[in-house]
Structures are given as structure tokens and as C-alpha cells.
There are 2 protein chains.
Amino acid sequence: MGTTHRTLHNRVLAVLGPAIAAGEYACGHAFTLSGLEQEFGVSRTVAREAVRVLESMGLVVSRPRTGIRVRPQRDWSVFDPQLIRWRLAGSARMDQLRSLNELRAAVEPGAAALAAERGPADERAQLVVLAEQMTLTGRAGKLDTFMDLDVTFHRRILELSGNEMLSGLSDVVTEVLVGRTSYDLMPRQPRPEALRLHTAVAQAIRDGLPDVAEAAMRAIVTEVSDALKGTHPSQR
Amino acid sequence: MGTTHRTLHNRVLAVLGPAIAAGEYACGHAFTLSGLEQEFGVSRTVAREAVRVLESMGLVVSRPRTGIRVRPQRDWSVFDPQLIRWRLAGSARMDQLRSLNELRAAVEPGAAALAAERGPADERAQLVVLAEQMTLTGRAGKLDTFMDLDVTFHRRILELSGNEMLSGLSDVVTEVLVGRTSYDLMPRQPRPEALRLHTAVAQAIRDGLPDVAEAAMRAIVTEVSDALKGTHPSQR
DNA sequence: CGGGAATGATTGATAACACTATTGGTGGTG
DNA sequence: CACCACCAATAGTGTTATCAATCATTCCCG
């Protein structure tokens, strides 16, 4: 789960990436390869490979005579898992969490509907079991295991959607749920209403009722976003 | 809008990327650097830079002694714009279009709600004008300009959501809408109901009514997915 | 027959150099 | 004075050669 394996250009990336992602270098800022060589004490080749990766993520553009320029945020590949991790690790963590949470809120109802429509029957049934476990551990106040169950619950639904892009968001959802608890944005004890809704989603998916599943899931995510209300990220 | 500028490793990528994305190389297939050097007639450095980019997209993993192995699809960064383009260009185009369309169907209602909540008032008002133009050109049967308007309509809403990740999907939506017409998945003439719904979405967003906007947008996307019904991509 | 060390294939990393594109200045010209 | 063509400095781009680190395989020894 740690980044890719310990190679030199990855270590350069691990410093340069987060720095750029955090906005430490203004939009037009220009690096030079030789500058990077010196700053990190690496060979030109390594510096170039790091830049290539940053370029493929849209963070920078590299042109002769001009150097390596930081591109405007609008051009970044905001869905790149690496970039998401960098931003979650940096000072923009809170903003990134909010973005991800909104994305998740927008996506999960639709995913639940798809899961109800076309997930394999046995796996759909499993969801109900998961929801029951959530209710139990939630009432017992075991927050840690509750969070784990919550994560797998939402992951499963995304995977059951049968859509590669939606299931590609499961890591994102995990980050959000984990990050939320670590930031104490969760109530001490899961709200009974939330528990009930999770069960409702599970049952609707099991019973193959897309509309019901979608509505119940929407209720879950709107409840969450209500809890975070009032904290809209500055436009920038 | 062509890929990045004409550099050698990009030309290698432009061949290798689509090939892997199209599944021409099985999951565990192993390349070697010297093999790539010869196949493309490039130096080791260039070959490695191409591999670095593929690696950062999760398409391959490069390890000593083992070579460069193709990773399972599950690990690919399916949101990487470059990868999306490659798949749209290749034989998986239809599958990719379906995935994207489902994603869009899942996302847009939520995006419309956010746009209604917090988009700048003047830009929200612009949407109504856009919807009117759509109605006019739609009724007139000018399909080309209608598609352009449709694209900007949906793009605007994503951008108005004020969420960087949602607006990051605007290119995706564009691809879907354009691809759909080029595949004749659109009716000869936009359906009156669809036109009415677009206007409803625009008005709701202008008037700051998230729930109404969300419902109307959901009606739009479900109508579309009903039209594509029955063609679910084969698993894997 | 099993476990661990030798082996060699393959990537990882460095260095030095030639090529090329871009840009910004410079000078000439209308 | 404005504008255009040209030139040169500058950085990335691409090549080659060489060595180091790694790890799947293999083979030998207990």
C-alpha cells in the first residue's frame, strides 16, 4: 500500500510531488533539470524520469529553453491516485477531503442503483450481513471496527456496480471514510438513523430495487454532507 | 488538443499505451527494455521514460530481473485522461464509452445539485439561455450545433459545481457525448422530453433549487441509459 | 529431498556528449 | 518609430557506455 517500490526517482517524486501539489510553487514557476539534479543530488536521468511522471499527471510541462513549468491546477489529473495521496498528505488535506467527499456523495447513489441492478445475487446478499454487523458494532460503540465495516460496505457496493470506473473510486471512498474519523468529523457513536439507512440500502440492493437503493444511499450521503455544511473551500 | 508535444518517448507511448490498453498483451506479459529499444529503435533512456509513465498509470510494473510486466486491469488508473483516450481510440472503445456513460449518469445529478447550491448567480442564469438555444437548434434539427451546445451545457454544470474533481470530469462527459453521436446512439432529432428536461435543469439551477435540479438531471441520464439498455459489457 | 548459496539476466543509476528547439535580443529596414 | 529577420545563448532531448543493485533460477550440499 506504500508508494511504488523504493527507487531513486520515486524518492524525488515523493518530495517534489507533494510540494507542487501543496501549491508551494506558484503556477508559472520554472524548474530546471540541473537545478533538480543539484537539489536532490541525483543524476540527470533520474531527475528526468521524475519530471516525466509529473508531466504525465499534468502537474508540469517541460519544454526546451523554458524549463519545467508548473501548470495551473485546472490541468492537473485530479483523479490520479498518487496526486490524491500527495494532497491528502499535505496542507491541502482538508480541501481534498471535502472534494472527495462531495464526489463520493454524487457517485454513490448511482453506484447503489447499478449494484442492485446487476450485482451477483450472492454478493448482494452479503451486504445485508455486513449491514447487520455494522449495526451491532455501532451500537456497541466499537468505532474502529465499525469504520472498517463501513469502508468495506461502501467498497463492496462500488465494486458490485460492475463499472470499472466506479469501482476505481473505492480507494477514494476509503480515504474519505478513514480521513473523516481521523479528523473527528464523525459522531462519537454512529447515529441510529444512519445504521437504519445502511440496512435499507443493503436490503434494497439484495432485493434488486435500484430506485430504493439509490434513494436510501442518497439519504446517507446527504446526512453526511449536512454534517460538514458551512465549510466550503475557498475558491482560490 | 493532440497529446503532449512531439517528443520521442511520447511517440513510443502513443504505440505502446494503446496496445496495452486494448489488451493486446495479456495480464502477466513481460517486456524487456532492450526489447523495446530494438522494437522502436530508440535509446535506453527514451524507452525507460516511456515505461516510467506507463508505470505511473498502473499499466505495468518494472522490476529487476523480471522485466516490465503488464498489471491486471483492476490496478489501472482508469481515470487517467491519457488512458481514457487510448481506450477510446482502440477496440475497447465501446466498453469504455459505456463505462464513461454510466459514470456520468451517476455523477451529473449530484453535480447539478451542487451547481444550484453554490454556482455564481450570473453563470447559473446563463444556463437557461443555453437551454433555450438547445431547444431551438434541436427543433430545427441542426444536430451538429445541438451537440456542441449539449456539451457546453453539461460541462458548465460540472464546472459550476465548484468541485475540482467533478469539473475534472468535464472532458469525460465531452467524450461521451461526442462519441455517442458518432456511434449513432442518438435519435435523429432530440426528443422533446429531453429538451424540456434540460430547460427544467437550467431553471432549477438558476433558481437555486438543488433537489429539483438533481431530479431533473436524473431524469435526463436515466432516459439515456434506458436507450442504451441491454448492452452490458462482458465481465472482465 | 529440502534449503540455501552461487549465478547471470535485467533493471537501476551515473556520466559525458551531441543535437535541437525555443526564445529573446539585435540590428537592419520600411 | 515600429516591425521583421536573423543570430546566439540556453535549456531540454536523445545517444552511448559503463557499472551497481536486485532477484528468479539453478544447482549443490547436507
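All heavy atoms count here, side chains included; hydrogens, waters and symmetry mates do not. Here the structure is a predicted model, which is why all the values come from computation and not from measurement.
Relative ring orientation between His29(B) and Tyr25(B) is described as tilted, the plane-to-plane angle lying within the 30° to 60° band. Note on ring orientation: taking the six-membered ring where Trp is involved, the planes of His154(A) and His198(A) are perpendicular (angle over 60°, cut-offs 30° and 60°).
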### Task
Heavy atoms under 4.0 Å is the rule here; annotate nucleotides 14-22 of chain D 5' to 3' with B where the base is hit, S where only the sugar-phosphate is, and - elsewhere.
BBB-----B
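The CD1 atom of Ile68(B) sits 9.5 Å away from atom CZ of Arg48(B), with the distance rounded to the nearest 0.5 Å. Here OG of Ser161(A) is found 9.5 Å from CG of Leu103(B). Values are rounded to the nearest 0.5 Å.
Between Ile68(B) atom CD1 and dA24(D) atom P there is a gap of 15 Å when expressed in whole angstrom units.
Within a 6.0 Å sphere centred on CZ of Arg206(B), heavy atoms belonging to other residues, nucleotides or ligands number more than 12.
In this structure, Trp76(B) contributes its side chain and Arg71(B) its backbone to a donor-acceptor pair below 3.5 Å.
Shown here for Trp86(A) and Leu59(A), the closest heavy-atom pair between the two residues is CZ3-CD1, 3.9 Å.
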### Task
Verify side-chain contact (heavy atoms from CB on, under 4.5 Å) between Leu16(A) and Leu36(A), making sure each step is shown before the conclusion.
CA-CA 9 Å; Leu16(A) 205 53; Leu36(A) 295 177; 4.0 Å; yes
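In 5' to 3' order, the nucleotides of DNA chain C bounding all contacts with chain B (an atom under 4.0 Å from a heavy atom) are dG8(C) to dA13(C).
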